[in-house]
Amino acid sequence: MTAMIVAGVISLLGLCARLVYKAARDRAEVRRAEVTQQGLSERVRSLPPGSRLSERSSDRFVEISVGGADPYAER
């Protein structure tokens with residue numbers, strides 16, 4: 001009987017540890033995205049009008065025109 005209780009407690013602790021790890025990992029991923037976006041915004045702010053910024057990483061591609069007309073705007 002005691003062994004079953006100990007096994008249940010250990011299983012519950014393992015589940016809690018996995019949930020905490022997943023939450024920390026997800027939060028770190030969100031924070032990395034925030035830092036990346038902040039860095040991109042700071043670089044764009046420092047560019048003169050008419051400039052273009054292209055950035056490619058393994059999972060995304062960003063191209064920004066600074067101070068130019070929006071090619072996707074409805075006319």
Side-chain angles (χ1 to χ4, degrees):
M1 180 74 161
T2 305
M4 289 177 58
I5 294 173
V6 170
V9 169
I10 290 173
S11 294
L12 185 60
L13 288 174
L15 176 64
C16 290
R18 282 188 297 222
L19 290 174
V20 168
Y21 172 76
K22 183 177 179 352
R25 187 185 64 201
D26 290 347
R27 178 65 189 132
E29 185 177 333
V30 167
R31 183 66 185 132
R32 277 192 298 276
E34 289 172 347
V35 168
T36 300
Q37 180 63 39
Q38 181 181 8
L40 184 60
S41 296
E42 289 174 2
R43 288 193 300 278
V44 168
R45 266 189 242 113
S46 68
L47 295 173
S51 298
R52 294 178 67 115
L53 174 70
S54 296
E55 183 176 288
R56 183 184 308 262
S57 66
S58 61
D59 60 341
R60 66 187 177 116
F61 176 75
V62 177
E63 188 171 321
I64 300 173
S65 295
V66 179
D70 184 3
Y72 302 107
E74 293 182 29
R75 296 174 195 226

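Just so you know, these numbers come straight off a predicted model, no measurement behind them.
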| query | Which residues satisfy the side-chain hydrogen bond (donor to acceptor under 3.5 Å, both in side chains) test with E29, sequence neighbours excluded? | reply | none
| side chain to side chain contact (heavy atoms under 4.5 Å, CB included) partners of E42, counting only residues at least two apart | Q38, R45
| query | Residues two or more places apart in sequence or in another chain: which of them pass side chain to side chain contact (heavy atoms under 4.5 Å, CB included) with R56? | reply | F61
| Residue pair R32 / V35, side-chain heavy-atom distance below 4.5 Å | no
| message | The criterion is salt bridge (Lys or Arg N to Asp or Glu O under 4.0 Å); which residues satisfy it with R25, sequence neighbours excluded? | response | none
| request: Drop me the distance from I64's CD1 to L47's CG, to the nearest 0.5 angstrom. | output: 9.0 Å
| Taking only residues two or more places apart in sequence or in another chain, which ones pass side chain to side chain contact (heavy atoms under 4.5 Å, CB included) with V30? | R27, E34
Distance-only donor-acceptor hits, side chain of residues 3-23, under 3.5 Å, sequence neighbours excluded:
residue, atom, partner, partner atom, Å
S11, OG, A7, O, 3.0
K22, NZ, D26, OD2, 3.0

